[in-house]
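The structure appears right after this line, and notes come after that.
When a residue number appears, it is its place in the shown sequence, counting from 1.
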Amino acid sequence: MGFQSEFNSVCKFKSEQELHDLLEYGKTAMVKKGFRVYPTGQKAIAYTPNNEAVAIVKITASIAEITFQGEEVTKVEMDLVRKLTEEEAKVQTNLAYEMFFKDNESK
């Protein structure tokens, strides 16, 4: 048991539905396995399951808990600040790949 810190400017979705809710309604919550730290009030770049930057979000809540099945999970609630322009998305996607995603491909 222990907390894992997230790369501060990355908020990667694993679920297309959670991402759809963010873009459609301006709010969403995603669930991550394990205990993770997402600082409330921080802005981050949201990425699709395919590692493409799509939006700026603001973290509104981060709740780490152990489920009834004994799994450690973190629920992260966020609000949409704005969608990225095509150019911003391309630059952020390339930077995140170089700084973060490339190192995690084999994991």
Taking all non-hydrogen atoms of both residues into account, name the closest pair between [X] and [Y] and its distance.
X	Y	answer
Thr74	Ala64	OG1-CB, 3.9 Å
Lys12	Lys32	O-NZ, 2.8 Å
Ile45	Ala53	CG2-CB, 3.8 Å
Cys11	Ile59	SG-CD1, 4.2 Å
Leu19	Pro49	CD2-CD, 4.3 Å
Ala29	Glu77	CB-CG, 3.9 Å

Under 4.5 Å between any side-chain heavy atoms of [X] and [Y], yes or no?
X	Y	value
Lys90	Glu87	no
Tyr25	Leu80	no
Lys33	Lys14	no
Lys83	Val54	no
Lys27	Asp21	no
Thr93	Asn51	no

(message) Just verifying a value: how many Å separate Gln42 CD and Lys58 NZ, rounded to the nearest 0.5 Å?
(response) 11.0 Å

(request) Please round to the nearest 0.5 Å and tell me the distance separating atom CZ of Phe13 and atom CG of Leu22. (result) 5.0 Å

(request) Determine whether more than 12 heavy atoms belonging to other residues, nucleotides or ligands lie under 6.0 Å from atom CD of Glu86. (result) no

(request) Count the heavy atoms belonging to other residues, nucleotides or ligands that lie under 6.0 Å from CD of Glu65, then report whether that count exceeds 12. (result) yes

(request) Evaluate side-chain contact (heavy atoms from CB on, under 4.5 Å) for Ser62 paired with Val37, printing each intermediate quantity in order. (result) CA-CA 7 Å; Ser62 179; Val37 176; over 6 Å; no

(message) Do Val57 and Leu23 sit in one hydrophobic cluster, given that two such residues count as connected whenever their side-chain heavy atoms are within less than 4.5 Å of each other, even indirectly?
(response) yes

(message) Tell me which one of Thr60, Val76, Ile63 satisfies side chain to side chain contact (heavy atoms under 4.5 Å, CB included) with Tyr38.
(response) Val76

(message) For Asn94 and Glu98, which I'm curious about, is there any donor-acceptor pair between the side chains at under 3.5 Å?
(response) no

